[in-house]
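Inspection log for the structure reproduced underneath, given as structure tokens.
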Amino acid sequence: MYKIISESEDKNKIKIINIDKNDLIEFMEDYKSKGYYLSSITGVDMQDHLEVIYHIHNYDTHEYIEVKILTTDDKVPSLTKLWKAAKGDEREQYDLMGIIFEGHENLRRIVLPDEWVGHPLRKSYDLKKVQYINMDSEGKEHVSYNENEGW
Amino acid sequence: MKNGDLGIKTTTIEKALEWGSANSLWPLTMGLACCAIEMMATQAADLDIARFGSEIFRNSPRQSDLMIVAGTTTKRMAPRVKRVYEEMPYPKYVIAMGVCVIQGGPYVDGYSVVMGVDKVVPVDVYIPGCPPSPQALTYGIMTLQKKIKHETDR
Amino acid sequence: MAHYTELNIGPIHPAVHGILKFKVKLQEEIIEDVEITLGFLHRNAEKICELNYYADNMVYFDRMDYIDAMNMELGYLTAVEKLMDMEVPERAQWIRMIMAELNRLAARLVGLGAFGLDMGMLTPFFHCFIEREKIQKIFVEASGGRQEVNYMSIGGVYQDFNDQIINDIREFLKEFKPYLEDIYGMFMHSEIFWQRNDGIGILEPDVALDYGVTGPLLRGSGIAYDVRKDAPYLFYDKVNFNIPISHKKDNMGRFILKVEEMRQSIRIIEQSIDKIPDGPYFNNKAKKSMMLRLKGDGEVFSRVESENGEFGVYVRGNGTFKPWRVHVRSPAFKNISVVPVMAKGMMIADLIVIIGSVDTVIGEIDR
Amino acid sequence: MVATVKEIEIPKKPVPILGSLRTMGIVGKYMFKKPITTQYPEEKGEIPERFRYRIFLAPEACIGCTLCEQICPNHSIKMEKWDFKREDTEKLTIETAHGERTNLQNKRHIYPDVNFGTCTVCRQCEEICPTDAIYLTHEFENSRTRNSFTYSPEELTKQEQDVIK
Amino acid sequence: MNLLTRIHEWFSFLGNPASYAIGYLLETLFIIMFVGISFIALIYIFRKYMARIQRRIGPNRVGKFGLLQLIADALKLIGKESILPEGRDDLAYKIAPLIIMIATLVSFIILPFGDLTYFGSLTITHSKITLILLFGILSILPIGEILGGMSTRSNYALIGTMRAVAKDVSFEVPMLISALAIVMISSRSFVTGNAIVGGFNLSTIVTDQIIPYGIIEPVGLIVFFISMIARASYTPYDLAESDSELITGYTTEYSGMRFGLFYIGLFGMIYLGSFFISILYLAGSNGPVTTDLGFIYLFIKTDILVLIAFLIWVSLPRIRIDKFVNLGWKYLLPLSVINLVYAGFFILYIR
């Protein structure tokens with residue numbers, strides 16, 4: 001049985017439930033059976049740890065719930081088995097935030113090319129190190145730090 | 001000038017061809033982002049761009065003369081823009097529409113936007129604005145027509 | 001071993017409404033598989049938002065769903081104002097509501113016109129843009145911008161409505177109603193339009209929910225979910241309007257539903273334009289010299305109904321002038337992910353219509 | 001809650017050929033209506049008063065407060081030194097949104113320098129300017145064949161045709 | 001008196017063989033020039049007409065009222081680089097637009113244009129089987145499409161070609177059968193009720209059409225009209241070059257003047273088809289008052305048909321390929337056969 005660490009409310013009166021990341025799957029399975037659907041996944045970089053925030057939504061009772069988990073090793077369990085909506089969201093958060101969703105079968109970058117170095121939404125990402133993208137004749141994209149090798 | 005006849009003739013033909021290509025700029029339907037909607041509005045009834053002979057928006061780069069880069073060119077898109085540009089036959093012209101394609105626009109701080117499409121393809125006319133109003137785009141096309149006819153150097 | 005033709009639709013293709021790549025596996029003309037590649041318009045708005053002041057970020061939200069700029073601004077502002085505990089004067093809220101609905105009309109008109117073009121109907125596009133131009137003129141009169149308006153600001157709106165704008169809106173609505181019926185008729189009377197849409201792109205409700213689809217796509221599958229009804233913001237609980245739903249689940253149902261929503265938008269504007277009270281249009285706490293010094297603390301998730309569905313904005317502040325994290329729940333991102341499900345087993349021509357029916361805006365998907 | 005859910009009515013399928021003829025009728029009807037096109041270069045159409053495009057500067061009113069530089073979302077505005085001779089402008093009275101202001105000074109002699117190649121015309125600078133020195137106008141005919149859009153403070157005070165780049 | 005003898009008269013001082021040769025040449029040139037000029041006028045009218053329907057103005061900057069627009073377009077297309085795609089089938093790639101262009105032009109020479117005052121009959125080809133000749137030339141057009149599409153090795157062009165072939169195959173048959181019904185009716189004179197020779201001759205068909213055949217067999221007219229629009233690949237049947245799906249179908253890889261030839265072919269086909277319909281079904285050059293103005297009558301009928309086709313183009317959406325082929329085989333073909341049977345009974349009745 002999952003354990004709720006604490007409950008609070010955000011400024012829009014949405015209930016926030018803090019849970020441990022090992023309880024996530026169990027918690028979400030319970031809520032899925034109650035008729036909740038995944039709405040969005042947000043990763044927040046708190047510099048010493050990552051927060052992953054799931055917004056789930058019940059279309060019948062009009063209830064929005066924010067589920068928050070913490071992770072220090074960038075790894076959280078994937079929800080793709082529960083909701084297909086998680087597929088795209090998790091890929092996006094992996095791409096931009098570097099959260100590794102364990103159990104996602106196709107965890108590739110989605111908006112940036114595969115060779116891109118770093119995860120841009122991390123606070124530690126250095127915007128001054130500019131990366132350039134080029135494409136070869138077969139349509140594969142290559143990333144380099146050299147300005148002359150791409151745009 | 002004794003053998004100048006030929007020269008006059010060729011310039012006349014060149015002039016005629018220039019006149020032709022200036023007055024029949026078929027743009028490529030290449031909307032990248034927000035400016036594409038304003039490009040469509042220029043095509044639409046209110047500011048009918050067909051009056052200048054740019055009526056037919058061709059879908060194939062092979063048949064178009066003018067590439068209006070309408071919208072932010074990202075780094076991923078830049079090689080593709082380049083490729084489309086190379087697919088177009090000469091004489092070809094490029095209009096950079098909107099500040100995103102001029103110098104990066106609102107996304108200058110970012111990591112994935114090309115700071116100016118002129119790094120990717122040679123640009124003939126720059127139209128500032130975010131997005132430029134249809135009038136501004138029409139004015140830009142008129143500037144391009146003048147440029148083709150060597151009438152302006154703005 | 002079956003022989004497949006691989007067709008790359010996009011990134012630059014007239015049918016994809018922007019830049020998006022569909023890699024289609026075809027067996028003759030039947031679609032076996034669709035693979036979507038995103039990211040050609042990834043403009044890192046979320047990152048830039050973290051680097052800027054709260055008031056600056058409006059610019060980037062305008063350019064997300066670029067044909068529905070007002071609703072994007074509204075999504076951000078409802079979040080930020082909650083974060084700052086700022087109250088918005090009533091007049092400003094009514095003005096916002098009118099502008100949001102007007103922009104919804106404008107966005108739908110672009111969608112309709114492009115939908116016609118997808119099927120080779122040339123004319124509705126022009127009529128749609130004639131009407132859209134009128135809306136844009138109202139926007140210019142109010143805010144100065146045509147498309148990326150930047151009209152709303154933290155604590156109110158930048159400029160007040162004057163009598164001329166209200167008159168113009170009334171006049172526009174009067175002309176628009178019969179025109180909309182004409183445009184609707186152009187589509188609906190044609191039996192070829194029916195052939196192309198009836199029973200095409202069927203989306204079952206459980207699939208839609210599973211994929212997190214919202215907006216007309218979800219309502220077209222028979223689930224009455226609209227943020228304006230679900231969690232009313234502004235004054236949507238003070239005006240009468242219907243949330244149309246359709247149990248037809250296909251393109252046709254969605255098309256009729258979208259037009260019906262436009263009629264409801266007209267109804268909302270008509271009601272709210274009479275209800276605008278006098279008073280300030282701006283909260284003095286956010287007056288212009290204060291724009292840089294607005295602080296936010298805590299976290300908030302706020303959602304509005306944009307053209308494509310539920311547009312959510314998550315903002316986390318850490319007590320400084322700049323947000324710590326801004327995340328956008330993009331409706332079109334979810335909507336586009338069902339295209340492979342809807343298109344499977346259909347023909348290549350149907351895929352184009354389905355994409356047109358989903359009506360994606362790439363700026364919002366890639367951000 | 002006033003919003004109600006209503007199922008849409010699906011109209012009847014049109015009769016083949018007759019339906020198409022009806023569509024053609026609606027479309028063809030507009031042939032007899034007047035075109036609404038504005039003939040742009042000759043007639044500009046009516047441009048509403050609040051329409052904004054290019055930034056202008058009223059140098060007498062600028063006090064060099066750098067607020068515009070700070071608010072600009074993409075750093076299009078940089079402050080630049082310019083020896084503008086303020087003759088008797090210290091006594092000038094300027095009407096602003098906050099009432100009248102007198103004794104305007106620009107002690108550091110810095111004025112905004114706008115890069116119009118990145119300016120998104122978002123109007124935040126006009127909004128924040130305490131003395132309304134920076135303002136946006138209808139001037140939109142400023143396409144160039146060169147990528148040089150940085151307007152010095154002096155050029156910001158001039159009309160578009162006088163600024164030759 | 002016809003155009004040939006008239007020209008022969010002018011040049012009779014050169015002797016018979018020479019003047020006849022010049023006569024034929026000038027006559028053909030005249031018709032081709034006429035066709036060329038009316039193409040230009042047609043495209044200009046189309047642009048203005050479409051603009052008007054869409055509440056625009058259309059081209060009006062180049063020359064007075066934009067009359068020089070087409071010349072500017074042509075000059076531009078001539079001056080344009082013609083890109084040769086890599087991996088093409090060279091001969092096929094280069095010959096395809098020529099086939100389309102030549103086939104379209106040649107088919108105009110076969111049509112009976114009727115009379116014009118002073119000049120007399122403008123008809124060039126005096127053959128007893130002009131109808132068969134015309135169908136023969138029309139069947140060359142698909143070859144151009146196929147060659148053009150297959151030679152470029154582009155996937156879009158490939159699918160476009162497939163569709164073009166499907167289109168041509170499924171609409172050729174109903175078109176032919178409805179033309180056959182016309183042949184049947186026209187092989188028995190209205191006036192005398194006797195059998196006449198030359199049902200395959202377009203001129204005879206026209207001269208015998210006191211009542212337009214379109215009134216006698218409206219089903220045939222509709223079938224033929226739909227098939228004609230389909231053959232000319234106009235919306236709603238422009239599947240082969242559907243803009244929003246296949247970029248421009250089989251012409252995707254063509255540029256410059258080569259594309260221009262395809263473009264002329266597109267407009268030429270609708271023009272030819274309208275001529276064809278007005279000859280077969282709308283009594284061609286027969287008019288209410290005088291036969292001297294036959295050509296003018298024909299021209300007016302044709303232009304009205306062309307305008308209708310344009311209106312269909314701008315207002316209807318594109319049909320889907322399977323429904324399209326269904327339309328050809330399941331509806332138009334049976335209809336045309338019914339029409340044929342009906343024509344047979346009709347002949348029995350008028351005897």
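Residue numbers start from 1 in every chain, and the chains themselves are labelled A, B, ... in the order their sequence lines are given, proteins ahead of strands.
Side chain of E81(E) to main chain of Y90(B): a donor-acceptor pair is present (N/O by atom type, distance under 3.5 Å, no hydrogens or angles).
The distance from atom OG of S24(B) to atom CG of L70(E), rounded to the nearest 0.5 Å, is 9.5 Å. A distance of 12.0 Å separates OG in S60(B) from OH in Y254(E), rounded to the nearest 0.5 Å. In this structure, CD in E87(B) is found 7.0 Å from CD in E253(E), a value given to the nearest 0.5 Å. Rounding to the nearest 0.5 angstrom, the gap separating the OG atom in S21(B) from the CG atom in L77(E) is 10.5 Å. To the nearest 0.5 Å, the span separating NZ on K92(B) from NZ on K80(E) amounts to 8.5 Å.
Most heavy-atom pairs under 4.5 Å with chain B, from the set I71(E), L75(E), D73(E): that is D73(E).
For Q54(E), the part lying under 4.5 angstrom from a heavy atom of chain B is the backbone only. Heavy atoms of E18(B) lying under 4.5 Å from chain E are absent altogether. Residue D46(B): no heavy atom, backbone or side chain, is found under 4.5 Å from chain E.
The two residues I57(E) and D48(B) come nearest to each other via the heavy atoms N-OD2, 3.3 Å. Scanning both residues, Q43(B) and R56(E), for their nearest heavy atoms gives O-CD, 4.1 Å. Smallest separation of non-hydrogen atoms from Q69(E) and N23(B): NE2-O, 3.1 Å. R55(E) and A45(B) make their closest contact through O-CB, 3.6 Å (heavy atoms, listed as atom of the first residue, atom of the second, distance).
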(request) Step by step, work out the side chain to side chain contact (heavy atoms under 4.5 Å, CB included) result for K76(E) and L17(B). (result) CA-CA 6 Å; K76(E) 182 209 71 178; L17(B) 290 179; over 6 Å; no
(request) Could you check W19(B) against L68(E) for side chain to side chain contact (heavy atoms under 4.5 Å, CB included), going step by step and ending with a plain yes or no? (result) CA-CA 11 Å; W19(B) 175 82; L68(E) 299 181; 4.0 Å; yes
